Amino acid sequence: MIRTRFAPSPTGYLHIGGARTALFAWAYARRHQGTFILRIEDTDVARSTPEAVQAILDGMQWLGLHPDEGPFYQMQRMDRYKEVIAQMLSAGTAYHCYTSREALDAMRAEQEAKKQKPRYDGLWRPEPGKNLPAPPTDVQPVVRFRNPVDGVVAWDDMVKGRITIANAELDDFIIARADGTPTYNFCVVVDDWDMRISHVIRGDDHVNNTPRQINVLRALGATVPEYGHLPMILGDDGQKLSKRHGAVSVMQYDDEGYLPEAVLNYLARLGWSHGDEEVFAMEQFCAWFEFDHISSSAAQFNTEKLNWLNAHYLKVADNARLAAEVKRRLMLQQVAGADWSVLERVIPLYKERVGNLNELADALHPFCVTVHPPADLLTQHVTAAARAALATLFDKLTGVADWQAAALSLAVKETLASHGLKMPQVATPLRVVLLGQAQSPSIDAVLEALGRERVLERLQRVLRPT
RNA sequence: GACCCUAUCGUCUAGAGGCCUAGGACAAUACCCUUUCACGGUAUGAACCCGGGUUCGAAUCCCGGUGGGGUCGCCA
């Protein structure tokens, strides 16, 4: 039974790197009819916030990455961690260390000055035949894991292959603070064990934690899961993503008019491939997804390719859904007095032309509200000649019985003929009058979509200003 | 500094020793389509980090360099 998990710490929003980690863990579970678990690692009380928890939940909801189990919260599992720590203390796989924080800091500074790898000196580590100092009364001890000193820890990483690290490189790391609260590397181990996680899928910034966690797992007599460390995602400029630099919330992609399926498709293809396949739905992705085609080096985020995918998914999206999105966005802009009824009819004209939902909303805006063409456009395009032609067109349109593109096109062409004009000489001023802008889809389609009433009303307002 | 990971067009990648004159996609450029702006179509340019090996043969395997990244907290 495959059981994967996504385990973010709620110290900020869900960003693109976390989203991809979640996506791959989710897809792997889906692929093998397994279970995808969400676990919130909130043991850093000072930095964790309920808002961040909600932001992560919102982000996953938006992407459609629904957990099969959870969310579980580490803060609610404190008793369990303390229980395991007590067991390890009595089993001798962990011990109390009375070296103070200050002494540790001093030791580290000294080692760094000598260009050595900073590490704990093992003063309080029990050894056969070793006499430990008498515990000071003024220091609350921390609990350290008694890491093996010899040999190596090795595992076959699902993405990077075999990784070997010498135990000599590993410290006796702290598993419980002086106040008794457990630390990250320890909670993860207990959780992965208790939750029977079969495949730990996470960012490769965790590679160095893995040997420690494996050692604890072994000390506990637990089964060691499979590990897969995903390479990180770099910003558009090749720099590391950080809160300060380019790491934006996945919800910001919603704000910027991206469709979740476009973001998902893009993320799936970033660092993973299936031959030449570029455009695919999540169902297809889950059917294909395996670890043997994940690249092992970092990938640079490319907004332009995301834009291309977004434009593609916009083209194939359902009109009613797009209409709802456009309405939501225009209402957010406090657009007043709008008539939303035209939306669904106009969307087919525009969804193939725009790159995102905000552009779509901007394009559809003039269809829903009374337009006031900018003076400079009127001056430039609605010349005396154009005005005369528009007047003729107005009369012809009044007589159009069947308000369809074919009949409307005919009316426009007859107008051209009677005035000796070319299409752009009438179409452009007409666009300015109807929509307040010089560009639009084919003019007959615009006339049809806008509807007789609006067309005549807008023309009349310019031709016979009151 | 130590340890770990990593290296194919600008970017994401295909590539499992001969199918490679290195393929696809985004982006770029040109042309076509056109009722404006887009969409779309066609075409073009663009890469195996360097040096040694192994082999009849290396983008692919090995070693070394260099570049990039990560980690070395009573953070996660």
Side-chain angles (χ1 to χ4, degrees), chain A residues 7-11 41-44 46-48 74 97 99-101 104-105 108 111-119 140-144 157 159-161 163-166 168-171 173-185 187-188 203-211 229 231-232 234 236 238 240 266 269-279 292-293 295-309 311 315 350-355 359 363 381 409 412-413 416 422-428 430-432 437-445:
Chain A
S9 58
T11 55
E41 312 220 317
D42 54 357
T43 52
D44 185 352
R47 293 198 304 152
S48 299
Q74 289 189 324
C97 166
T99 303
S100 70
R101 200 186 291 251
L104 241 25
D105 289 345
R108 189 174 307 126
Q111 287 163 333
E112 276 171 6
K114 286 194 225 156
K115 304 237 182 236
Q116 290 170 343
K117 183 168 183 159
R119 57 180 303 141
Q140 274 296 314
V142 298
V143 179
R144 286 184 184 270
D157 196 273
V159 350
K160 291 174 186 289
I163 298 178
T164 306
I165 293 174
E169 292 295 329
L170 270 23
D171 235 350
F173 69 100
I174 291 170
I175 62 175
R177 304 178 178 94
D179 66 5
T181 59
T183 61
Y184 165 79
N185 265 310
C187 298
V188 168
D204 71 2
D205 47 337
H206 286 286
V207 166
N208 294 276
N209 288 327
T210 305
H229 289 96
M232 65 183 309
L234 270 22
D236 231 334
K240 185 193 176 183
Y266 178 73
R269 199 50 197 68
L270 190 59
W272 173 85
S273 62
H274 185 79
D276 290 339
E277 301 292 343
E278 296 286 352
V279 180
D292 51 1
H293 277 87
S295 69
S296 41
S297 54
Q300 188 170 320
F301 193 88
N302 185 221
T303 305
E304 282 168 337
K305 189 161 181 183
L306 204 212
N307 289 345
W308 169 73
L309 276 168
K315 287 185 184 77
Y350 280 91
K351 69 176 184 181
E352 303 205 344
R353 316 163 55 87
V354 297
E359 285 175 19
H381 296 288
S409 176
V412 172
K413 282 177 180 154
L416 295 181
K422 299 282 188 200
M423 182 58 97
Q425 294 172 292
V426 170
T428 306
L430 191 50
R431 289 184 169 101
V432 169
Q437 50 200 25
Q439 291 87 38
S440 85
S442 149
I443 196 65
D444 48 356

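These numbers were taken from a predicted model, which means no experiment stands behind them. Labels below follow one simple rule: chain letters A, B, ... track the order of the sequence lines, proteins then strands, and each chain is numbered from 1.
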Using atom P in both nucleotides, what's the gap between B:C63 and B:U54 to the nearest angstrom? 15 Å
Check every strand shown and say whether A:T210 touches a base, only sugar-phosphate, or nothing at a heavy-atom separation below 4.0 Å. nothing
Give a yes/no answer on whether the side chain of A:S273 brings an N or O atom under 4.0 Å of OP1 or OP2 in B:C12. no
Quickly work out the A:R431 CZ to B:A38 P distance and round it to whole Å. 12 Å
Whole Å only: how far is the CG atom of A:D292 from the P atom of B:G15? 9 Å
Non-hydrogen side-chain atoms of A:N185 and A:F173 separated by less than 4.5 Å: yes
Taking A:K117 first and then A:E169, would you say they form a salt bridge - that is, a charged N and a carboxylate O separated by under 4.0 Å? yes
Mark up nucleotides 24-29 of chain B, 5' to 3', with B wherever a protein heavy atom is under 4.0 angstrom from a base atom, S wherever such an atom reaches only the sugar-phosphate, and - elsewhere. BBSS--
Base orientation of B:C39, syn vs anti, 90° cut from 0: syn
Would you say A:R108 places a side-chain N or O within less than 4.0 Å of OP1 or OP2 belonging to B:G1? no
Using a 4.0 Å heavy-atom cut-off across all strands, classify A:D171 as base, sugar-phosphate, or nothing. nothing
Rounded to the nearest angstrom, tell me the gap between atom CG in A:L170 and atom C1' in B:C4. 11 Å
Taking CD from A:E277 and P from B:G23, how many angstroms apart are they, rounded to a whole number? 19 Å
Does B:C72 have its OP1 or OP2 closer than 4.0 Å to a side-chain nitrogen or oxygen of A:R119? no
Counting only side-chain nitrogens and oxygens, does A:H293 get under 4.0 Å of the OP1 or OP2 atom of B:G15? yes
Check every strand shown and say whether A:S442 touches a base, only sugar-phosphate, or nothing at a heavy-atom separation below 4.0 Å. base
When we call it a touch if two heavy atoms are under 4.0 Å apart, what does A:G271 touch: a base, just sugar-phosphate, or nothing? sugar-phosphate
Base, sugar-phosphate, or nothing for A:N209, non-hydrogen atoms under 4.0 angstrom? base
Does A:K351 place a side-chain N or O at less than 4.0 Å from the phosphate oxygens OP1/OP2 of B:A38? no
B:U13, OP1 or OP2 - any side-chain N/O from A:S295 closer than 4.0 Å? yes
To the nearest Å, how far apart are A:D157 CG and B:U6 C1'? 13 Å
